[in-house]
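Letters go in sequence order (proteins before strands), and every chain restarts at 1. Note that this is a predicted model, so its numbers are computed, not measured.
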There are 2 protein chains.
Amino acid sequence: MTEEQVLARIERARRRKARVREERITLSHGSGGRAMHTLIEAVFLDAFRNPLLEPLDDAASLRIGETGLALTTDSFVVSPLFFPGGDIGDLAVNGTVNDLAVSGARPLYLTAGFILEEGFPVADLMRIVESMRAAAERAGVQIVTGDTKVVQRGKADGCYVNTAGVGLLEHHGLGIAHARPGDAVLVSGPIGEHGITVLLARGELDIEADLESDTAPVHELVRGLLAVPGVRGLRDATRGGVATILNEVAKAAGVAVIVDEDAVPVREEVRGASELLGIDPLYVACEGRIVAIADGASAGEALAAMRAHPLGAGAAIIGRIGDDPPGLVLLNTAFGGTRIVDLLAGDPLPRIC
Amino acid sequence: MTEEQVLARIERARRRKARVREERITLSHGSGGRAMHTLIEAVFLDAFRNPLLEPLDDAASLRIGETGLALTTDSFVVSPLFFPGGDIGDLAVNGTVNDLAVSGARPLYLTAGFILEEGFPVADLMRIVESMRAAAERAGVQIVTGDTKVVQRGKADGCYVNTAGVGLLEHHGLGIAHARPGDAVLVSGPIGEHGITVLLARGELDIEADLESDTAPVHELVRGLLAVPGVRGLRDATRGGVATILNEVAKAAGVAVIVDEDAVPVREEVRGASELLGIDPLYVACEGRIVAIADGASAGEALAAMRAHPLGAGAAIIGRIGDDPPGLVLLNTAFGGTRIVDLLAGDPLPRIC
């Protein structure tokens, strides 16, 4: 966002004045959808309002001294803590690494804050910490400071982890708000694997599927992609899935996002489980997939750059940016119809990350 | 710490190999005392080990590009959320501001991560956020990025807040490991007010006292103090109180810390409540008090610098650094005896911050 865009947004928000209608927090306030957006706008943004927070990007872009930095944070409350393909420790490192990477920063240093429940097995904590160590090593970051709190039994769910991360800003001016009609929309691989894996790992559903979380650090994939001129903005798709990111693009840039359902890569296992669960894979969380907006003329090159990295082997161009209707995401369905893909209302998938 | 000291410490720790004997996490692993130190050394330090983490200072000192930075994090789980003199929101901002300040950094940018329990009143959240806004304004920092998670009812205690902070490192080479025999030990004001206030606010004890939390940002107090040459190291006294900091000084520098009980400023209300509770005010948490180590010749000037700031009006020189016995804190008691003030064993005061 340019400074004028940010200031205009502040002014619009002041006039609009979002309001949380509920008197109490519900799970939907944490699901990445409409209720969460309203909570953020009405409570956090309204109080903390400043031009660095305002873009609500995955990371804030700062300048300290002569150095451009990105700063981000995420808390992880996934249940269960361990699942096929990863655990809360991988998520906590990869999630923050990815928020830095898609902001155009080289991830460097992480903090780690643990909230532990009395009675939590020390062996499980050591397993989580070992995952964090391995994930940090893989992503080339160091965990340099931390904090541990313990709460009484029944005041947490074993272990919650917060990470914050700092990176060196290497690519300036990236932002989904720069999306323009004619741009292409890309996704770096099949969607929804993390969310479905975690849901199935809860063991409450009588579904078996050979699936693993897609949790992974995307910084190298992003580095390759950002070597392509014409890449305008990136986001990593977590809570709320790809559909939420696309809505954020549409609203931030004031454009239409038009997606071809047939073009969206979804593994058969994810599609099958989603159908049984009655959810749309577009809303299911990933933890190692990015959405990219690229100038139409660069789309092929951007796709090739993604596919050149193992984590982008399943990348695809899933749609394009249009000008009408501004602020909305349209899906051309496999059956030939068109429907609006709105922000998620409600909370089908709590505690997925 | 110098680089050699850090490397020596890594080597010693590798040989020593701390071990958590308990199979499950207990409240004492979060109390700031011996169990927490062992957990940190055996689990976190052992896995994440790197020269930036190793000093276990309040904040890590980094260099990114040409810029020296401090980075820190803290989670806040205080119960109750609101108490005389403050709430979890003030603590979350001041705590991180203070960790940056005592590391010699100018606090600049904060992150905010919320873990909310389903059913938490939105009005309480807004009150907490408003406290954070006011505290950030008072401390001259901006909250630039955040995260919100919601967990099911019974999986948290209303609201937990994590903050991480970045500051510009302005004073290099500070560190409690630099304490030398002949140095003076100072505290910036009466101790234990935060911890006793929170305990009493729980309403479980039949004690009334006219007390308020000491939660406050100490960055300006620290700025004045660091204008005095001869100030070697600072810490803010939170969990585990002043006694824990003094033990960290003794161990990090390999020196004896000798404290005069009579010289330690403690308000009558804190002393009275502590006696009734059977706890030593030296172990009770503060949230706006710092411990400073200054060259003996500079002690008077350091004290004057503290007292020149309203938050340091009750500052005092409470003891000195000796050479024997190394690694221990000795208290010359009001009754003329001497006793060892050890790291806290057990968990008399959980969830105080």
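- If you measure heavy-atom distances from V43(B) to chain A, the contacts under 4.5 Å come from both the backbone and the side chain.
- The greatest number of non-hydrogen atom pairs below 4.5 Å with chain A, out of H29(B), Q142(B), M126(B), is found for Q142(B).
- Contact residues of residues 152-161 of chain A toward chain B are Q152(A), G154(A), K155(A), A156(A), D157(A), Y160(A) (heavy-atom distance under 4.5 Å).
- Both the backbone and the side chain of I64(B) come within less than 4.5 Å of a heavy atom of chain A.
- Checking side-chain atoms of K149(A) against main-chain N and O of V77(B) turns up no donor-acceptor pair under 3.5 Å.
- F48(A) is listed as a side-chain neighbour of M132(B), based on a closest heavy-atom distance under 4.5 Å.
- The two atoms that bring D147(A) and D74(B) nearest to each other are OD1-OD1, 2.9 Å, heavy atoms only.
- Only the side chain of M36(B) has a heavy atom closer than 4.5 Å to any heavy atom of chain A.
- Options G119(B), P121(B), A164(B) differ in how many heavy-atom pairs under 4.5 Å they form with chain A, and the most are formed by G119(B).
- Contacts of I143(B) with chain A are made by both backbone and side-chain atoms, with heavy-atom separations under 4.5 Å.
- Of the two parts of A136(B), neither the backbone nor the side chain holds a non-hydrogen atom closer than 4.5 Å to a non-hydrogen atom of chain A.
- When heavy atoms are compared at a cutoff of 4.5 Å, L62(A) approaches chain B solely by way of its side chain, counted from C-beta outward.
- Residue E23(B) touches chain A through its backbone alone, counting heavy-atom pairs closer than 4.5 Å.
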